[in-house]
Amino acid sequence: MRFRSLTLLFFLFVSAGSMAQYAHYLRPPSDTSGHHLSVDIGFESNANTLSNEMIQKVLWGGHMDNTFLTEQRDDLKSQNNHLGYEFRSSVQYSWKQKAHEWQVGLRYRDLFGFNYTKDLFGLVFLGNHAYEGQTADLSYTNYAYWRYAGVQAGWCKWLNEGKAGKLSIGVSALYSPNYQQLTSQNASLYTAPNAEYLQLQGDFTLQYKDQQNGYGAGLDLGYSIEFGKNLLFLQVQDIGFMQFSGVAQYRGDSTYEYRGEQIDNISTFNGDSLFSDISVGGFVKQFGIEEKRVSVTKFLPFSINLVYVRKLNDKWNGSLQIYYTKMPAYVPRATARMERVFQNNWKANLGLAYGGFGRENLLLGAQKTWASNWTLHAEGYFLGLLVLPNNSHGFGFTFGVKKRF
Amino acid sequence: MKRPNITRILFFTALLFATFSCRKVFNKADWEPEAVFPLAHTELTYTNIVTDSTYIHTDSTGLASIVFEQQLDSLSLSVLDTFSAPPFNSKFKLDSLRLEVPPFEQTITLGQLARQLQASSDPIQSYIGTSLLALHGNNIASNALLSLVVPATIPVPIGSIPVDLNQFFKTAELSKGTVTLKIQNEFPMDIDRLDFSVQNATDNAVLLQETNIRIPKKTTFEKDYDLAGKTVEGQLLVAVPTLNLLTDKQAIIDTNQFIYMNMSFSNLQVFSATAIFPDQDVVSDYQAASLEDMGEMELKEAWIEEGMVVMDVISTLQDSIFMSYSMPKTTFNGSPLIFNGVVPPAPPSGTNAIRLEVPVKDYVLNLSSPTDYFNRFVYEFKAHVKYTGKQVYLSLKDSIVVNVYMRSIRPKYVRGYLGSLDTSYTSFIETDVFSKIQAEAISPATVNVRLKVENSLGVKGTVQFEYLKASNAKGQSLDAQDDQMIGVPLSIAAATDHPLTTVGTLIQNGPNSNFPELIGLMPNRFDFKVQTHVGGLPKDSNSFVYNTSKLKSKLEIDMPLHLSVQGLMLRDTIDLGSSQITFENAGGALTLVAYNGFPFNGTIKATFVSNGTSQQVVLNGTSAMLSADVDPSTGKAIGKKRSAVVLPFTQNDLANMVQAKQLILEARFDTPQGQKVKMYSDYTTQLTLTAKVAPKISR
């Protein structure tokens, strides 16, 4: 019964959210094993207004017809619609030497954050034909997309033999094969009836990596301390930068009108320019906005993870987590969990999260540790996607395996 | 502690990493947003409708017209082609020969007479003579003996006195002339009796004779004698057989006292003579000559473009003849035409000849002298001999043959009555002005046909269209009907002169013509016959013509674009470059948004052609482009009317369209039913071509 209630709760509260950086990276000072190898994968997609059905189709394929897209659009807010996803994976190997721990690993991160208006959704998915004779509001549209990977090396030290906690420092050498960013303040697009002309108004900046990959470096800092029944963990990741050369940039701060090519004399017109350049650059150029090539240095989308764990009794643990990553449309995500410890090293946890790219999500997780020092953990929020995709927002999962030896 | 199996660890790690390092997308999401966007925009003006603006005119209000002009054959008068004047051929005898001889004077003193007496064989006469010589200063009474023996009259034997005029002439056959004889008696006694005669020394022909002349002392005897018909020699004798002095015994004798004799010749004209002739005209002729073959022309004046006057002269005179031929009424800058020549002396019984040629370019030939005459010019011929100081033989039998003629005379201007000229010519005009209008039918409201005649002939006339027929490429034809232009003689005014002013005459069709129907055929050919008449009665002697004068006719057809049109086609072919459109598409539409300021409805068709005509996509507009509203009172379009003509295409169509090499745009225009509209030059239509596509986007 209680399980059904919880299930129902999943239907009601599932939404897109960020990936929780729970204490799976945490290795308490009390852990005295010499080597650890851990593999972690995590993915989450969340939105505050867009349904899981839409997100599922976008991410995993499928045809979206106009009726479906219109329904999706009509459920959106006029502004401040959030959408984002993050995919992480890492392989880390650590070994302990006395009061130090060394870590090396590989990591990969793919994340996308999008703050958009209902009209922008409509333009992208329905086309501007649906906005003939209307002005599509594109104000405060912001999005960023990152994809980067690298190698990491770190060092941890237990302070005062762990009594004063554990400090960890890591550095990463990174490269980025893709980066895009769009920022705008007041922007709109008017499509005249029968598309006589298009009028783009407002200020905006669009940048995207076009030619060369970006290269950069990041710094990771962490601190954890156990005190009594309490555990506090703070981690800041990807404090760093990425340098890109040859980034395509389009910037506008005016009203731009496009009426098609002007033909001075149709009798002598050569139609070479019609239907010729339908690229983004070609389209933007029709508005008179010129492309520039710039070199930019971008701060990495750092993340902050703060976790507090309280051991309530032998069977129950409670935790609070605050996670934030510097991405458009991402608000700090707070997660509260209750963990039940079962026999044979089973753990199960139930959590409620709010924030991130989406709204509230119900989390369900489990962990099993074997005597052979394998630990498997998984957590996710996906029941809404499975049962009521049209009325749920967000889904995610994390999965990890660790071997101590 | 068991050492970890690094190989397993690394393999396991790599497997996991490879499996989960990338976000997996199992299938692509796809959707088909409907995008609409403008492709091109342009403005159509009326020059796009009527592509050839060569024949498009606009008036001050901007109303456009198609104006077609065609020069018809010009007419010129042929009077200036021929202009012949008869040769002036005349043989002149000398009019007269004048001679001039200075007077002969002789003085005989009393002393000379006394010596004549003294030398006499008669002793009484000898004694008288001696006594007279001795009595100088005394009278006869002072000598008693002389008083006794002297008779009442003293006869004086003078004998003959020679008169030598050889230095002036040898012989002269006088036709006319007078000799005046004057004898002045200064003796102290009267001449009681004088007998004398003048005679040729050779043949003793008596030229004059007097007897019993009494000349009192201190008086003069004078008398004229006619020499006409006499032949006078240069050597003359004055015979004085008797000279008796009346004795006056009381008269004081002065041996220096004399009688004076003077013989003067005047008005001597000869039939012939060998003499020193003074300067004189021997021939003077003033006559008129008439032009030949002038037909009915009566010319008063002619300006010569080119030509020569030639004079041949043959003379028998044995002296140089200075000739002068003038045409006093033929002038150049006011100066008459005169040309002179010298014929050298002819040999005895022979002739001598010369030829003179004088160009008469730019001379004005007065052909009306006196003013009521025509085709006639006057000339004057003079032959002149000059004083040379030498004796020559001249005779009134001598002659000068003069032949004057005009050669290659061509006038550039003539004035007078030019006669009449009738011409008739049949011809045709081919034009594509109207047939180029690609329309099924046009129906003009009005068509103005004008015949513009420019007349630089100083002759009035008439032009008449016998007929004017229009025909088109379909074989349809129609004869023009107009009660003011067809079959009606149309008066043409004459040009005016000084300065030459071409006079234009404009003849326009009347209101009841069928020219709109004629042009409605959209003809490509006009057949016509024109009759022209210039000059004729009543005679106008002030008619004129220059060698550049012509009667030029120009036909003008003016069709204001106030008409109804059915099926006016506008076609434009646009070469297309390669297209980058490669996305999948579910089809879409091109839309032509028009703000139409023309008073035409239009239907649009777009044909995309690739690889010749084997592959083509034809898009037809689902609706028509609407005509602008028309003010019914003025026929002018008001404002603009918006239309959106949609040309839908399918997915397959787009695939062929992007491969097309050419886009053929065809528009058919029709004026609103039952309405004739006006085409103004300020009409425009703004066109925007937009596209709606639904590309399939896969991510």
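Note on naming: letters A, B, ... go to the chains in the order of the sequence lines (proteins, then strands), and numbering restarts at 1 for each one.
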Working to the nearest 0.5 angstrom, can you tell me the gap between [X] [atom1] and [Y] [atom2]?
X        : Y        : atom1 : atom2 : result
A:Asn66  : B:Trp31  : CG    : CH2   : 12.0 Å
A:Met64  : B:Asp30  : CE    : CG    : 7.0 Å
A:His63  : B:Glu32  : NE2   : CD    : 5.0 Å
B:Lys692 : A:His129 : NZ    : NE2   : 4.0 Å
B:Thr688 : A:Gln262 : OG1   : CD    : 10.5 Å

By a 4.5 Å heavy-atom criterion (distance strictly below it), what part of A:Phe125 contacts chain B: side chain, backbone, both, or neither? both
Region of A:Asp65 in contact with chain B, defined by heavy-atom distances below 4.5 Å: neither
Might you point out which heavy atoms bring [X] and [Y] nearest each other, and give the distance in Å?
X        : Y        : value
B:Ala644 : A:Asn194 : CB-OD1, 3.4 Å
A:Ala195 : B:Thr690 : O-CG2, 3.0 Å
B:Pro33  : A:Gly127 : CB-N, 3.5 Å

The single option from B:Thr42, B:Leu689, B:Leu687 passing side chain to side chain contact (heavy atoms under 4.5 Å, CB included) against A:Ile263: B:Thr42
Before you tell me yes or no, could you show the steps for A:Glu196 and B:Arg642 under salt bridge (charged side-chain N to carboxylate O under 4.0 Å, His left out), namely the whole-Å CA-CA distance, both residues' side-chain angles and the distance that decides it to 0.1 Å? CA-CA 11 Å; A:Glu196 265 187 76; B:Arg642 186 183 185 278; 3.0 Å; yes
Less than 4.5 Å apart, any side-chain heavy atom of A:Glu132 and any of B:Val36? yes
Kindly indicate whether the side chain of A:Leu198, heavy atoms from C-beta on, has any atom under 4.5 Å from the side chain of B:Pro38. yes
From the list A:Leu69, A:Thr191, A:Val124, the residue making the most non-hydrogen contacts under 4.5 Å with chain B is A:Val124
